[in-house]
**Student:** 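Here you go, one structure.
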Amino acid sequence: DNNNNNNDTSLSLFDTNNNILITIDDAIERIGYGKFQIYVMIAAGFGFAADAMEILLLSFLNVVLQRVWNLSVHQTAFLT
């Protein structure tokens, strides 16, 4: 009695009898895309940007600190 379509490539949620409850695509369509999702995307974007800026800053700062503090290559590597 398994009526699942095996040719369907979308992700699905199943119950204990392995029957499809709802596909992930359908769940996202039902939830929709509103203000909350936009705020989450903006917050995530700021988080990723801050992380990238930190790595970039450390790469430039290592060269300066190595000269000013007379650090070895190994000591400079520990700064990152």
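Note that these values count all heavy atoms, side chains included, but never hydrogens, waters or copies made by symmetry. As the structure is a computational prediction, the values presented were derived from the model and not from experiment.
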**Student:** Donor-acceptor pairs under 3.5 Å, side chain of residues 58-66 to any protein atom, not counting sequence neighbours: which ones?
**Tutor:**
residue : atom : partner : partner atom : Å
S59     : OG   : L56     : O            : 2.6
N62     : ND2  : L58     : O            : 3.3

**Student:** Side-chain polar contacts of residues 32-42 - donor-acceptor pairs under 3.5 angstrom, sequence neighbours left out - could you list them?
**Tutor:**
residue : atom : partner : partner atom : Å
Q37     : OE1  : G34     : N            : 2.9

**Student:** In the hydrophobic clustering that connects Ile, Leu, Val, Met, Phe, Trp and Tyr at side-chain heavy-atom distances below 4.5 Å, which members other than I31 occupy its cluster, ordered by chain and number?
**Tutor:**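 Taking Ile, Leu, Val, Met, Phe, Trp and Tyr as members, I31 stands alone, with no cluster partners.
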